[in-house]
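One-based numbering, in listed order, for ligands and for the atoms of each.
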Amino acid sequence: MAVPKAAAKPGANPLDTAIAQFERAADRLNLDPGLRQVLGTCKRELTTHFPVQMDDGSTKVFTGYRVQHNLARGPAKGGIRYHPAVGLDEVRALAMWMTWKSALVNVPYGGAKGGVIVDPKALSETELENLTRRYATEISIVIDPIRDIPAPDVGTDERVMAWIMDTISMHRGYTVAGVVTGKPVSVGGTLGRKEATGRGILYLIQELTRDHGIPLEGATVAVQGFGNVGGVAATLLAREGARVVGVSDTSGCLYNEKGLDVETLWQGKKEGASLSELGGGDCLGGDELLSLPVDFLIPAALEGQITAQTARNIQAKFVIEGANGPTTPDGDAVLAEKQVLVVPDILANAGGVIVSYFEWVQDLQFFFWEEKQVCEQLQRVITSALREVRARAEQENVSLREAAMLIAVSRVEEATRLRGIYP
Ligand code: GLU
């Protein structure tokens, strides 16, 4: 029987986007052709087809991946995605973005990503646990606190991380907390990790509003994707007085010119409701959220959302990429022409991996921090990365994405070159 296939996914291949962004930086850095090949390729790719016992007694085969892009700067790091349309090229692109992201914010990691072709919402809790424990077992040949450290991504959460940590710990016979980050606090997670990506976005927007002399109080915001990134970012921004006028999830989109009651929506969402069930605003069609006249547009869903076509209708002044790879190179060109300031994914959503790093350090030291310390360190690391990116962009007269890539790729190139080619 043929292996299970991912659901068809329309639009650009994320790997083409990731490679195009890399090639641009490599050209500008005049990268050695050999190193260009090394950095443009994923180092290790594990594909696994594995059986899971379903509730009705049947057995179903699922397909999963774990890809490590580059390990020159440290252990591989990156999330695990459960999604019906996940594919190897997507996981490769996401692994590559993790390498650049970790290098940009200067945490000592290489990049990796994992994925399983599955709709987690279609599984019972037991099926999800069975699938997770078997997938963890399959990838246990590559994951380890000093080799490759997974974390949550689209479709996975702290519960899934606890099962992975427990599975690896059962195999070894002792607790291996540092093998994943984004765990519940009670099993070695860190305070502040769950909110970290959204909080990072808040810190970046606070810095931008200061720099551009725009008051955050009353600034308008639209958020595509109301999950752990978009939902938290919207809630924290609303608490600071921003007016969140539009939010969307897979069920639809809500709009209220006067501002949505984000706190209530996020509470409802956490309790399992979809935005269409929660209401509280007018419903808009799919792409309309992207074209709302707002100060800040935060794409925090999946890749390939801002294309040349959707970019033409964008009216936001700033695009803050909460998702990985939400803008295609064509979309980027249109936004540049319209002078929309884009804070690229590898900076905008780096709050997650920054606090994952803090969690891992705490696990390795068996010494845990207060939440205040986590937040202060996150703010310090992410805002200094923004300043560095802005300075480089001004210096070289390039976009923030290009500047971020120049910084990240040179760091990875340097580490790869200094270590040399073995043997
Ligand atoms: N999945 C998140 C990301 O794309 C977090 C990765 C991590 O913390 O390792 O950045």
Just by modelled atom types, is the [Y] backbone N or O under 3.5 Å from a matching donor or acceptor in the [X] side chain?
{"X": "K43", "Y": "N70", "answer": "no"}
{"X": "D148", "Y": "I143", "answer": "no"}
{"X": "D249", "Y": "G252", "answer": "yes"}

Can you tell me which residues line ligand 1 if we count any heavy atom under 4.0 angstrom from one of its atoms, in chain and number order?
K77, G78, G79, M98, K101, K113, A151, P152, D153, R193, N324, G352, V353, S356
Is it the case that more than 12 heavy atoms not belonging to R73 sit under 6.0 Å from its CZ atom?
yes
side-chain contact (heavy atoms from CB on, under 4.5 Å) partners for D295, two or more places apart
A219, T220, K317
Under the criterion side-chain contact (heavy atoms from CB on, under 4.5 Å), I'd like the reasoning laid out for I19 against M96: C-alpha separation, chi angles, the key distance, then a yes or no.
CA-CA 9 Å; I19 296 284; M96 206 176 257; 3.8 Å; yes
